[in-house]
Amino acid sequence: MFQLERNPFGRLVLTLPDGTVHEGVVPVRAFPLAAPAEGVSLVSTEGRELAWVPHLGALQREAHALIEQELAGREFVPTVQRIESVSSFSTPSTWHVTTDRGPTRFVLKGEEDIRRLGEGALLIASAEGINFRIADRLALDRHSRGLLERFL
């Protein structure tokens, strides 16, 4: 198994079983929304896969924590809890929403920017380049579901 640590500059350092050391590795999830704890690749600064982690739970606690910290710093996908309003039912439209990180607004360029992830989950790509997640559209309140249905 490999070793993972953080150097004094805050970069991840991967030591492989054969003793080779790679500085600045980046963890990349294979399925960030559907299976976030499964399939993580540790990639070199050149973009080459150095190690594959089938399941994060199988790692030592320290390595698991380092990977999760690194991923949390790079992944920003707020979860929509309520849709307050939309500027129009044609696109582009401005959405005012409440997320797990507070209230915000974003612009939806087109209906094709709403992707179904399965089991009621949706991923909405804003015009600003931020992805918003709806964990279960059926669990939203009635007002939010009504606004959302106009775009699905």
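Heavy-atom basis, side chains included; hydrogens, waters and symmetry copies ignored.
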Enquirer: Specify the closest pair of heavy atoms between F106 and E128, including all atoms of both residues, with the distance to one decimal.
Expert: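 Looking at all heavy atoms of both residues, the shortest contact is CB-OE1, 3.6 Å.
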
Enquirer: Provide the closest heavy-atom pair for R133 versus V77 in the form atom of the first, atom of the second, distance.
Expert: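 For R133 and V77, the tightest heavy-atom pair comes out as CB-CG1, 3.8 Å.
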
Enquirer: In chain order, what residues pass the side chain to side chain contact (heavy atoms under 4.5 Å, CB included) check against V28, with sequence neighbours excluded?
Expert: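 Here the qualifying residues are V26, V43, R74.
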
Enquirer: Looking at L50 and L16, what are the two nearest heavy atoms and their distance?
Expert: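 Scanning both residues, the minimum pair turns out to be O-CD2, 3.8 Å.
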
Enquirer: If you round to the nearest 0.5 Å, how far is CG of L56 from CG of L71?
Expert: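 Answer for the CG-CG pair, L71 versus L56, is 7.5 Å.
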
Enquirer: In this structure, would W52 and V13 fall into the same cluster of hydrophobic residues linked by side-chain contacts under 4.5 Å?
Expert: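 No.
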
Enquirer: Are the side chain of R82 and the backbone of T98 linked by a donor-acceptor contact shorter than 3.5 Å?
Expert: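 A pair under 3.5 Å: no.
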
Enquirer: Looking only at non-hydrogen atoms, find the nearest pair between H143 and E84 and report the distance.
Expert: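 Taking every non-hydrogen atom into account, NE2-O, 2.9 Å.
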
Enquirer: What heavy-atom pair brings P78 and I130 nearest, and what distance separates the two atoms?
Expert: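 Here P78 and I130 meet closest at CD-CG2, 4.2 Å.
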
Enquirer: Checking D113 side chain against L108 main chain: does a donor-acceptor pair fall under 3.5 Å?
Expert: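 No.
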
Enquirer: For atom CD of E49, decide whether the heavy atoms of other residues, nucleotides or ligands shown that lie under 6.0 angstrom number more than 12.
Expert: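 Above 12, so yes.
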
Enquirer: According to a 4.5 Å side-chain heavy-atom criterion applied to Ile, Leu, Val, Met, Phe, Trp and Tyr, with indirect links allowed, do V21 and L66 form part of one hydrophobic cluster?
Expert: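 Looking at the clustering, L66 is in a separate group from V21.
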
Enquirer: If we only count heavy atoms from C-beta on, is the F132 to L122 side-chain gap below 4.5 Å?
Expert: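 No, every pair of side-chain atoms sits at 4.5 Å or beyond.
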
Enquirer: Can you tell me if F9 has over 12 outside heavy atoms packed within less than 6.0 Å of its CZ?
Expert: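 Counting other residues, nucleotides and ligands, CZ of F9 stays at 12 neighbours or fewer.
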
Enquirer: Specify the closest pair of heavy atoms between F151 and E111, including all atoms of both residues, with the distance to one decimal.
Expert: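 Closest pair (atom of F151, atom of E111, distance): O-CG, 3.4 Å.
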
Enquirer: Report yes or no: does R115 contribute a side-chain atom to a donor-acceptor pair with the main-chain N or O of L123 at less than 3.5 Å?
Expert: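 Pair absent, no side-chain N/O of R115 close to backbone of L123.
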
Enquirer: Kindly indicate whether the side chain of I124, heavy atoms from C-beta on, has any atom under 4.5 Å from the side chain of W95.
Expert: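 Of all side-chain heavy-atom pairs linking W95 with I124, at least one is under 4.5 Å.
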
